[in-house]
Amino acid sequence: MTTTPTTPGPHQKSAAETTQDPTEEPGGDTAPPRPRGRGNNVRWGIVALCFGGLAVNYLDRSTLSVALPAMSKDLHIGPEIQGFVLSAFFITYAICQLPAGAALDKFGVKRVFAIGAIWWSLATVAMGLVRGVGTLIGARMLLGAGEAAGYPAPAKAVSRWFPRRERTLANSVWDNGARVGTAIALPLVTAIVSAFHWRAAFIVCGLLGFVWIAAWLRWYHEPEDHPKLTTEERAYIEGGGARFEPQDTADTADTADTVDEAGAKAGGEAKSLRWRDLFRYRTVWGMMLGFFCLNYVIYFFITWFPSYLVDERGFDLLSLGFFGTIPGLIAIIGSLTGGWTADRLLRKGWSTTKVRKTCLISGTLCSSVIALTVVVPTAAGALALLSLSYASLTFATASVASLPADVAPTPGHVASLAGIQNFASNVAGALGPIVTGFLLAASGGSYVVPLLVSGALSVVGALTYAFVIQRVEPLPIR
């Protein structure tokens with residue numbers, strides 16, 4: 001990698017910019033000093049908003065998993081059909097990742113994230129009104145389409161609001177909204193189902209989304225026009241490697257295939273990179289395959305985990321609501337640890353490639369302990385292994401969420417790359433519940449084979465991050 005003697009200012013261009021990561025901090029300590037004072041933490045308020053959005057996002061998608069045992073009796077849904085119902089969400093969720101990422105780069109985070117939240121909240125309410133399996137699947141698919149902006153939107157926001165040395169921790173904070181939303185779903189939904197009905201659970205959870213939408217529309221602004229962003233904090237963000245782009249980038253991008261022609265020119269490149277050209281890079285395919293494997297295992301926890309505790313380990317509704325939250329809570333610690341560790345290593349001078357590979361490989365490899373639950377006789381032992389597996393996965397996802405900003409060839413490609421990466425991961429979300437459902441039916445309800453498959457894919461994910469992705473740096477425009 002070509003280097004320059006000094007780090008260029010936020011609006012300066014160097015001859016080496018096409019081969020050097022513009023967010024690189026030589027020696028790990030040359031970024032502007034962190035601004036002090038109560039008025040210089042606007043960026044963390046932005047992360048809090050993103051965290052809330054993802055928490056509502058995952059609460060709504062997890063409501064079905066928790067309410068499914070009660071729903072299956074009323075609607076007469078067998079194990080195989082349950083798998084299709086669960087996976088219907090991921091079909092539209094995965095497909096819509098691609099246009100959602102492009103739309104975020106073109107129209108901006110605030111507008112697209114809000115529209116997506118309105119869509120998914122209405123779809124959640126609709127699920128409480130269904131009368132049969134067909135309408136349930138249709139509402140589930142609408143939910144998936146609306147929630148597609150939920151992952152690339154925070155990734156885009158953090159890339160613009162945070163310097164490189166704080167980016168991983170910031171990503172781990174909003175990403176923990178997934179764990180919090182999933183964890184809240186267990187006690188909240190079980191309480192509503194027990195006190196009222198499973199239909200009431202969907203209506204209540206759907207209406208909660210509109211509370212977040214009001215907060216988002218009021219308080220989210222881009223760095224260029226946030227009324228409370230101080231000069232000191234802006235200098236710290238921009239000088240530390242935030243992926244800024246011109247204010248009018250969204251207005252000058254003509255189509256999804258030319259998402260960031262203006263951004264490429266602003267970055268000093270004479271050539272543009274079309275959206276579909278991102279698929280020419282080996283790094284992008286490595287990101288896709290690695291996240292596919294990782295998310296296959298994560299979505300076992302989101303979809304079949306409650307049923308596993310009830311069917312395989314004999315949990316009743318009360319114990320499910322209490323003990324079932326443990327893996328999700330420990331996973332939060334794993335995610336924050338992954339974010340803190342990565343940023344700490346970056347500040348110590350480790351290269352971005354070394355930091356990302358260390359966290360990604362170790363996290364996915366350790367998560368393979370999920371396979372050992374098949375030989376553990378006690379529910380407590382199984383819960384401990386599942387908690388370790390989930391925490392290891394979230395340790396890695398802090399770096400997964402940072403990869404789009406790390407490798408985007410221009411700032412205007414960050415959300416597009418996040419959408420592409422999340423598309424592949426949610427192909428696993430679409431396939432996983434179906435595969436698990438058929439494996440359960442074929443084995444008479446045993447979870448042995450599904451858990452062994454999850455453990456094997458964890459190992460494949462580790463190998464992908466080790467050998468398919470070679471370097472973690474901005475993709476060259478060619």
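- Taken to the nearest 0.5 Å, the CD1 atom of I298 stands 8.5 Å off from the OG atom of S425.
- Side-chain contact between Y299 and N426 is present, with heavy atoms from C-beta onward closer than 4.5 Å.
- Counting all heavy atoms, side chain and backbone alike, G334 lies closest to T394 at C-OG1, 3.7 Å.
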- prompt: F89 and L64: side chain to side chain contact (heavy atoms under 4.5 Å, CB included), yes or no, with the steps?
  reply: CA-CA 10 Å; F89 166 90; L64 177 63; over 6 Å; no

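- The shortest side-chain heavy-atom distance between R356 and T168 falls under the 4.5 Å cut-off.
- V453 is not listed as a side-chain neighbour of V435, based on a closest heavy-atom distance of 4.5 Å or more.
- Proximity of a side-chain donor or acceptor of T464 to a complementary backbone N or O of G290 within less than 3.5 Å is not detected.
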task: Report the C-alpha separation of F210 and W216 in whole Å, then their side-chain angles, then the decisive distance to 0.1 Å, and conclude whether the ring-ring contact (aromatic ring centres under 6.0 Å, His included) test is met.
output: CA-CA 10 Å; F210 290 95; W216 174 259; over 10 Å; no

- prompt: Hey, mind stepping through E224 and R160 against side chain to side chain contact (heavy atoms under 4.5 Å, CB included) and telling me if it holds?
  reply: CA-CA 10 Å; E224 295 88 350; R160 292 174 54 75; 2.5 Å; yes

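- Remark: L104 CG to K110 NZ distance equals 14.5 Å, nearest 0.5 Å.
- A salt bridge is absent between E233 and K228; no separation between the charged side-chain nitrogens and carboxylate oxygens falls under 4.0 Å.
- The main-chain N or O of A148 is found under 3.5 Å from a side-chain atom of Q97 such that the two form a donor-acceptor pair.
- For the 3.5 Å distance criterion, the side chains of S458 and S368 fail to qualify, holding no donor opposite an acceptor.
- Within a 6.0 Å sphere centred on CZ of F196, other residues, nucleotides and ligands contribute 12 heavy atoms or fewer.
- Across L360 and A396, no two heavy atoms sit closer than the pair CD2-O, 3.4 Å.
- A distance of 10.5 Å separates CZ of F202 from CD1 of I192, quoted to the nearest 0.5 Å.
- Other residues, nucleotides and ligands contribute more than 12 heavy atoms inside 6.0 Å of the CH2 atom of W44.
- In terms of heavy atoms, V297 sits closest to S389 at CG1-OG, 4.3 Å.
- Although no hydrogens or angles enter the test, the distance criterion places a donor-acceptor pair under 3.5 Å between the side chain of R140 and the main chain of R61.
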field: ring-ring contact (aromatic ring centres under 6.0 Å, His included) assessment of W174 paired with Y151
entry: CA-CA 9 Å; W174 67 255; Y151 175 87; 5.7 Å; yes

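- W285 places a side-chain N or O within donor-acceptor distance of the main-chain N or O of F279, the cut-off being under 3.5 Å.
- Residues V414 and S159 approach most closely at CG1-OG, 3.6 Å, considering heavy atoms.
- The OH atom of Y308 lies 4.5 Å from the OG1 atom of T373; values are rounded to the nearest 0.5 Å.
- Listed for the D225 side chain is a donor-acceptor partner under 3.5 Å among the backbone atoms of E222.
- The backbone N or O of A191 lies less than 3.5 Å from no partner atom in the side chain of S194, so there is not a single donor-acceptor pair.
- The main-chain N or O of A418 is never found under 3.5 Å from a side-chain atom of K156 such that the two would form a donor-acceptor pair.
- Of all heavy-atom pairs between P152 and A415, the closest is CB-O, 3.8 Å.
- Between the CD atom in Q421 and the CG atom in N295 there is a gap of 9.0 Å [rounded to 0.5 Å].
- Of the possible polar contacts, one joining the T364 side chain to the I361 backbone as a donor-acceptor pair under 3.5 Å is found.
- The two residues V407 and L417 come nearest to each other via the heavy atoms CG2-CD1, 3.8 Å.
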Full working for side chain to side chain donor-acceptor pair (under 3.5 Å) between S416 and H413: CA-CA 5 Å; S416 296; H413 288 97; over 6 Å; no

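- Checked by atom type, the side-chain pair R167/N171 shows no donor-acceptor distance below 3.5 Å.
- Between L309 and L383, some side-chain heavy-atom pair lies under the 4.5 Å cut-off.
- Residues V400 and D175 are not in side-chain contact: their nearest non-hydrogen atoms beyond the backbone lie 4.5 Å or more apart.
- Side chain of T135 to main chain of G132: a donor-acceptor pair is present (N/O by atom type, distance under 3.5 Å, no hydrogens or angles).
- Neither side chain, R313 nor Y447, offers a donor N or O lying under 3.5 Å from an acceptor on the other.
- Using a 4.5 Å heavy-atom cutoff, the side chains of Y93 and W120 are not in contact.
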- prompt: Between I370 and F301, is a side chain to side chain contact (heavy atoms under 4.5 Å, CB included) present by the stated rule, with each step listed?
  reply: CA-CA 11 Å; I370 190 174; F301 291 95; 4.2 Å; yes

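- Not counting sequence neighbours, A126 has no partner by the side-chain contact (heavy atoms from CB on, under 4.5 Å) test.
- Y465 contributes no side-chain N or O that, together with a main-chain N or O of G286, makes up a donor-acceptor pair within less than 3.5 Å.
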task: Begin with the C-alpha distance, continue with both residues' side-chain angles, and end with the deciding distance and a verdict on side chain to side chain contact (heavy atoms under 4.5 Å, CB included) for M71 and L136.
output: CA-CA 10 Å; M71 294 178 66; L136 177 60; 3.8 Å; yes

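- Side-chain contact between S121 and V125 is absent, with no heavy atoms from C-beta onward closer than 4.5 Å.
- Between C50 atom SG and W212 atom CH2 the span is 7.5 Å, to the nearest 0.5 Å.
- Looking at H197 and D74, their side chains come closer than 4.5 Å, going by heavy atoms from C-beta outward.
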